[in-house]
Amino acid sequence: MSFTLDKDSDNYATDKNGWEIIKDYIPQDKKIYAPFYCDGKQKEYFEEMGFDIIHEDTDFFTNTYDYDVIIDNPPFSKWKEVCKRLKEIDKPFILLSFPKIFLLKGFTNLFKDHLQLIIPTKRPTFTHLTNPKAGYTPPFGVWYFCYKMDLDKDLTFI
């Protein structure tokens, strides 16, 4: 779901480079679901990298798609609701978020047993849905929070 009418600050789409840098950590043989639509370009990016992806402007909280892993940049204003739903689904995921999420006990309590992190040394860029200026980099870094992804290491720097 795009949530584009809920809160303007949620309307940042991850640019292609933000997904390319983790390509090697995404299983090629899995069906990906990217539920948070924003501008819809994520489907194009993942297909160009050779992935099978579902990325439609539908409701994440009620959909019944058949998929193996969730990979996306969730709307931060809906973080608690998204985490609750992710725990109910209990499928592997990679979520792009700011590092502060790691300190939120609601998040760590839900996912601590299978949580891994990918920390990029170069910050990914983002494009706002209604602001044509591409390549925005937030004043803080972002991490990829991985759940049940079975990465080689629990903490990976790229």
Side-chain angles (χ1 to χ4, degrees), residues 1-3 6-7 9-38 41-43 45-46 49-56 58-126 136-158:
M1 175 177 256
S2 62
F3 301 108
D6 291 351
K7 190 165 183 180
S9 62
D10 285 338
N11 295 330
Y12 283 92
T14 307
D15 293 335
K16 188 175 182 181
N17 72 323
W19 301 120
E20 289 174 327
I21 62 175
I22 64 163
K23 178 182 177 183
D24 294 339
Y25 301 95
I26 302 171
Q28 281 290 139
D29 62 337
K30 302 293 183 192
K31 179 91 166 181
I32 297 168
Y33 175 40
F36 309 110
Y37 194 72
C38 201
K41 290 185 180 178
Q42 188 171 344
K43 182 173 185 164
Y45 300 155
F46 274 69
M49 292 187 291
F51 293 104
D52 185 14
I53 184 169
I54 302 166
H55 186 56
E56 305 294 334
T58 58
D59 189 347
F60 167 65
F61 298 103
T62 61
N63 80 71
T64 57
Y65 290 127
D66 183 25
Y67 59 90
D68 301 302
V69 61
I70 293 173
I71 302 176
D72 214 333
N73 175 359
F76 298 132
S77 72
K78 304 284 186 197
W79 189 254
K80 286 181 184 180
E81 296 95 331
V82 168
C83 287
K84 181 179 175 188
R85 178 71 176 136
L86 286 170
K87 191 60 179 180
E88 290 169 0
I89 296 167
D90 201 36
K91 288 197 179 203
F93 65 71
I94 299 175
L95 296 181
L96 181 61
S97 188
F98 50 93
K100 177 177 135 180
I101 294 302
F102 192 69
L103 301 174
L104 300 177
K105 68 180 178 182
F107 177 77
T108 52
N109 285 343
L110 287 173
F111 304 109
K112 65 184 173 188
D113 293 331
H114 300 283
L115 188 63
Q116 296 176 304
L117 296 172
I118 300 173
I119 302 175
T121 54
K122 183 179 178 195
R123 293 181 185 176
T125 58
F126 305 87
Y136 167 76
T137 302
F140 47 83
V142 294
W143 294 355
Y144 298 86
F145 292 83
C146 307
Y147 175 72
K148 291 188 174 182
M149 290 300 297
D150 295 325
L151 304 176
D152 291 338
K153 298 188 298 184
D154 289 338
L155 187 59
T156 302
F157 292 91
I158 56 172

Looking only at non-hydrogen atoms, find the nearest pair between Ala34 and Ile71 and report the distance.
-> CB-O, 3.4 Å

Which residues satisfy the side chain to side chain donor-acceptor pair (under 3.5 Å) test with Lys80, sequence neighbours excluded?
-> none

side-chain contact (heavy atoms from CB on, under 4.5 Å) between Ile70 and Phe60, intermediate numbers included = CA-CA 11 Å; Ile70 293 173; Phe60 167 65; 3.9 Å; yes

Return the minimal non-hydrogen interatomic distance between Pro124 and Val142, and the atom names on each side.
-> CD-CG2, 3.5 Å

Provide the full list of side chain to side chain donor-acceptor pair (under 3.5 Å) pairs with a residue in residues 144-158, sequence neighbours left out, each pair given once.
-> Lys87-Tyr147, Asp90-Tyr147, Asp90-Lys148, Gln116-Asp154

Would you indicate whether Lys41, at its atom NZ, is surrounded by more than 12 heavy atoms from other residues, nucleotides or ligands within a distance under 6.0 Å?
-> no

Sequence-distant partners of Lys84, side chain to side chain donor-acceptor pair (under 3.5 Å), two or more places apart | none

Do the ring planes of Phe111 and Phe93 sit parallel (below 30°), tilted (30 to 60°) or perpendicular (above 60°)?
-> perpendicular

Would you say the side chains of Thr58 and Asn63 form a donor-acceptor pair under 3.5 Å?
-> no

Looking at Pro35 and Asp72, what are the two nearest heavy atoms and their distance?
-> N-OD2, 3.0 Å

Crowded around Phe102 CZ? As in, over 12 foreign heavy atoms under 6.0 Å?
-> no

Can you name the residues that form a salt bridge (Lys or Arg N to Asp or Glu O under 4.0 Å) with Lys91, not counting sequence neighbours?
-> none

Would you mind telling me which of Tyr33, Phe46, Tyr67 makes a ring pair (Phe, Tyr, Trp, His ring centres under 6.0 Å) with Phe51?
-> Phe46

Contacts table for residues 19-31: side-chain donor-acceptor under 3.5 angstrom, sequence neighbours left out:
{"unit_1": "Gln28", "atom_1": "NE2", "unit_2": "Gly50", "atom_2": "O", "d": "3.3"}
{"unit_1": "Lys31", "atom_1": "NZ", "unit_2": "Asp52", "atom_2": "OD1", "d": "3.2"}
{"unit_1": "Lys31", "atom_1": "NZ", "unit_2": "Asp52", "atom_2": "OD2", "d": "3.3"}

Mind checking what makes side chain to side chain donor-acceptor pair (under 3.5 Å) contact with Asn109, not counting sequence neighbours?
-> none

Check the angle between the aromatic planes of Phe107 and Phe145 and answer parallel, tilted or perpendicular using the 30° and 60° thresholds.
-> perpendicular

